[in-house]
Amino acid sequence: MLDINFIKENPAQVEKAIRDKGEEDISIVQKLLSVDEEWRTKVHKGDTLRSESNTKSSKIGELMGKGEKEKAQEIIKETSAMKEEIKKIDEEVKALQEEREKLQLRIPNVPHPSVPVGATEEDNEVFKTWGEPDQNEWRKPHWDLTERHGWIDFERGVKVTGAGFPFYVGAGAQLQRALINYFINTAVDNGYTELQAPYFVNEDSARGTGQIPDKEDMMYVIPRDGFFTIPTAEVPVTNFHRDEILEKGELPIRYVCHTPCWRREAGSYGKDVRGLNRLHQFDKVELVKIVKPEDSYDELESLREHAEGLLEALELPYRTLLMCTGDMGFTQSKKYDLEVWSPGQQRWLEVSSCSNFEGFQARRMQLRYRKEEKQIEILHTLNGSGLALPRIVSAILEAYQEENGKVRVPEVLKPFIGRDYL
RNA sequence: GGAGAGGUGGCUGAGCGGCUUAAAGCGCUCCCCUGCUAAGGGAGUAUACCUCCAACGAGGUAUCGAGGGUUCGAAUCCCUCCCUCUCCGCCA
């Protein structure tokens, strides 16, 4: 969420952000400000009353101590009367506070000035392209190859769990494991700290990174224990430092974490879900950064470059999109998407999304640092995939296949796989 | 899962209805003192929010695991939940 004081001081900028991100209703800003004003008034009134009541209560204590019970009784009468009023105001404050927070949570993050204004994916800017998209039509889509070699078993996945929960078998499993190792090792070489995280999170964590109240439907829920299965490692890893005040010397924080990710993906169909394109469970290596505000945009560029470096090392043609305001999502202030070329499907597949959230997540989870001895400031959070596994697996299978159906092992994976062909 | 003991500031730890403005110690910061060091003396040392102020800052409210309740008044009493430790059970 945005800082209420920022909204107060820059309402026009916030309204523009709402419009640019494709929301209709900008009246929410003024509504929030008026609720906030009312809330402040009530809080002040409640605090003042409580202050009076506290003073009187300690007076009672004093009188009781001296044995002046009658005088004490007088004051008890007064405070009893105040009690009702305080209770009433507290309830009003609580209601206003909930209203205020609800409105505040509906206001999207403000895009960075360098972000192109636009409505749909058509308006995204191609920031960079690398390699030549392979137009050879003989290349088969990955699902033909995996079926032929038995590397992925979709049918048994359906039997055991359901659609979107495949088994990886033999070299298929080995390829994926090699990629995970390669990605993590590279990140560690780049200065990230390796983390292994819980796969379930509680409600506070889901709220911290913004999955609830907004995107509840994307997650699987374990109601009996109050847990959510993680849709991305971003959730546990960013929440790792929730409600903390970090020291300057601890920054920047850079984590790499591999987890499975679970997404309900309600309403998906067709070629989007064919093969490995979209699954309910998939593996991902995630990069998370927690940095000082003044560093966050440099850190976003290095995050993007790190993710791009993985694709380059795998020699997979890709392009990087700078997402426009309308296509970038509610919580981001700037976002790059990396898309790998799938020669078997002749289309681009998103394999990474690198975002700067500025203080939008950190504010909600009270993630701060001590800037000066007496000055505490909200940190900036970033994350990016480095990388999402299944689509990389498909791109590798499709790009490294030979006409006889065999698939070569990418050079950088050979140390992990130990042979030239899968 | 069962039984018991607990959860207090950066840490250790006292307090178990009003003389607490959360004692004391440790740590940390600043100052003083002794030529340096050791020791000693003094002051300060949480977070969120609200109000006032141009600012430095001042005042207020809340927070003793979390949430409810009792009371004029709760760290202290009651209820629910969470977590930690010890023992038992189960187990990779």
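Order of the sequence lines sets the chain letters (A, B, ...), proteins ahead of strands, with each chain counted from 1.
Between the CG atom of A:Asn54 and the P atom of B:A74 there is a distance of 8 Å, rounded to whole Å. When rounded to the nearest whole Å, the span between CD of A:Glu247 and C1' of B:U29 equals 13 Å. Rounded to whole Å, the distance from CD on A:Gln375 to C1' on B:U47 is 16 Å. A straight line from NZ of A:Lys45 to P of B:U61 spans 18 Å, rounded to a whole angstrom. When rounded to the nearest whole Å, the span between NZ of A:Lys69 and C1' of B:C72 equals 15 Å. For the pair A:Ile86 CD1 and B:U71 P, the interatomic distance rounds to 15 Å; values are reported in whole Å. Taking atom NZ of residue A:Lys248 and atom P of nucleotide B:U29, one finds them 14 Å apart after rounding to whole Å. Rounded to whole angstrom, the span from the CE atom of A:Met1 across to the P atom of B:C49 amounts to 9 Å.
Separating the P atom of B:G13 from that of B:G89 is a span of 30 Å, rounded to the nearest Å. With both ends at atom C1', the span from B:C72 to B:G67 equals 24 Å, rounded to whole Å. With both ends at atom C1', the span from B:A74 to B:C16 equals 10 Å, rounded to whole Å. Across B:G25 and B:G41, the matching P atoms stand 10 Å from one another, rounded to whole Å. For the C1' atoms, the distance from B:U20 to B:G73 is 14 Å, rounded to whole Å. Annotation: B:C81 and B:C91 have their P atoms spaced 28 Å apart (nearest Å). The C1' atoms of B:U12 and B:A66 are separated by 24 Å, rounded to the nearest whole Å. The gap from the C1' atom of B:A14 to that of B:A75 amounts to 12 Å, rounded to the nearest Å.
Side-chain proximity of A:Ile245 to B:U47, B:C49, B:C72: nearest is B:U47. Nearest nucleotide to the side chain of A:His44, out of B:C50, B:A48, B:C72: B:C50.
The phosphate of B:U47 (OP1 or OP2) has a side-chain N or O of A:Arg370 nearer than 4.0 angstrom. Note on A:Ser51: a side-chain N or O is less than 4.0 Å away from OP1 or OP2 of B:U61. Under 4.0 angstrom from either OP1 or OP2 of B:C72 there lies at least one side-chain N or O belonging to A:Lys83. For the OP1/OP2 pair of B:C50 and a distance below 4.0 Å, the side-chain nitrogens and oxygens of A:Arg50 include no atom meeting the criterion. OP1 or OP2 of B:C50 has at least one side-chain nitrogen or oxygen of A:Arg40 nearer than 4.0 Å.
Between A:Asp90 and A:Lys87 there is no salt bridge, since no side-chain N of the basic residue sits under 4.0 Å from a carboxylate O of the acidic one. Note on A:Lys56 versus A:Glu78: salt bridge recorded, some NZ/NE/NH1/NH2 to OD/OE distance being below 4.0 Å. Salt bridge status for A:Asp420 with A:Lys414: present, with a side-chain N to carboxylate O gap under 4.0 Å.
Residue A:Glu265 qualifies as enclosed at atom CD: its count of foreign heavy atoms under 6.0 Å is above 12.
Checking B:U34 for Watson-Crick or G-U wobble geometry (two distances, each under 3.5 Å) identifies no partner in any strand. B:A92: no Watson-Crick or G-U partner with both key distances under 3.5 Å is found in any strand. When both distances must be under 3.5 Å, the Watson-Crick or G-U wobble mate of B:A22 does not exist. In this structure, B:A39 forms no base pair with any nucleotide, since neither Watson-Crick nor G-U wobble geometry is met with both distances under 3.5 Å. Base-pair partner of B:A74: not found among the strands shown (Watson-Crick or G-U wobble, both distances under 3.5 Å). Across the strands present, B:U86 finds its partner in B:A3; the criterion is a Watson-Crick or G-U wobble pair with both atom distances under 3.5 angstrom. The partner of B:A66, taking Watson-Crick or G-U wobble pairs whose two distances both stay under 3.5 Å, is B:U80. In this structure, B:A48 and B:U61 make a Watson-Crick or G-U wobble pair, each of the two defining distances being under 3.5 angstrom.
Counting any heavy atom pair closer than 4.0 Å across all strands shown, A:Ser57 reaches a base atom. Among the protein residues, A:Ile60 comes within range of the nucleic acid bases, having at least one heavy atom under 4.0 Å from a base atom.
Looking at every heavy atom in both residues, A:Lys140 comes nearest to A:Glu398 through O-CG, 3.5 Å.
You'll find the ring centres of A:Phe240 and A:Tyr255 inside the 6.0 Å limit. The six-membered or imidazole ring of A:Tyr297 lies away from that of A:His380, with a centre-to-centre distance of 6.0 Å or more.
Residue order along RNA chain B, read from the 5' end via each residue's closest nucleotide, puts A:Lys87 first among A:Lys87 and A:Ser53. Along RNA chain B, the nucleotide closest to A:Asp47 and the one closest to A:Ser58 are compared, and the more 5′ of them pairs with A:Ser58.
Cation-pi check for A:Arg304 over A:Tyr336 is met; the charged atom lies under 6.0 angstrom from the ring centroid and within 45 degrees of its normal.
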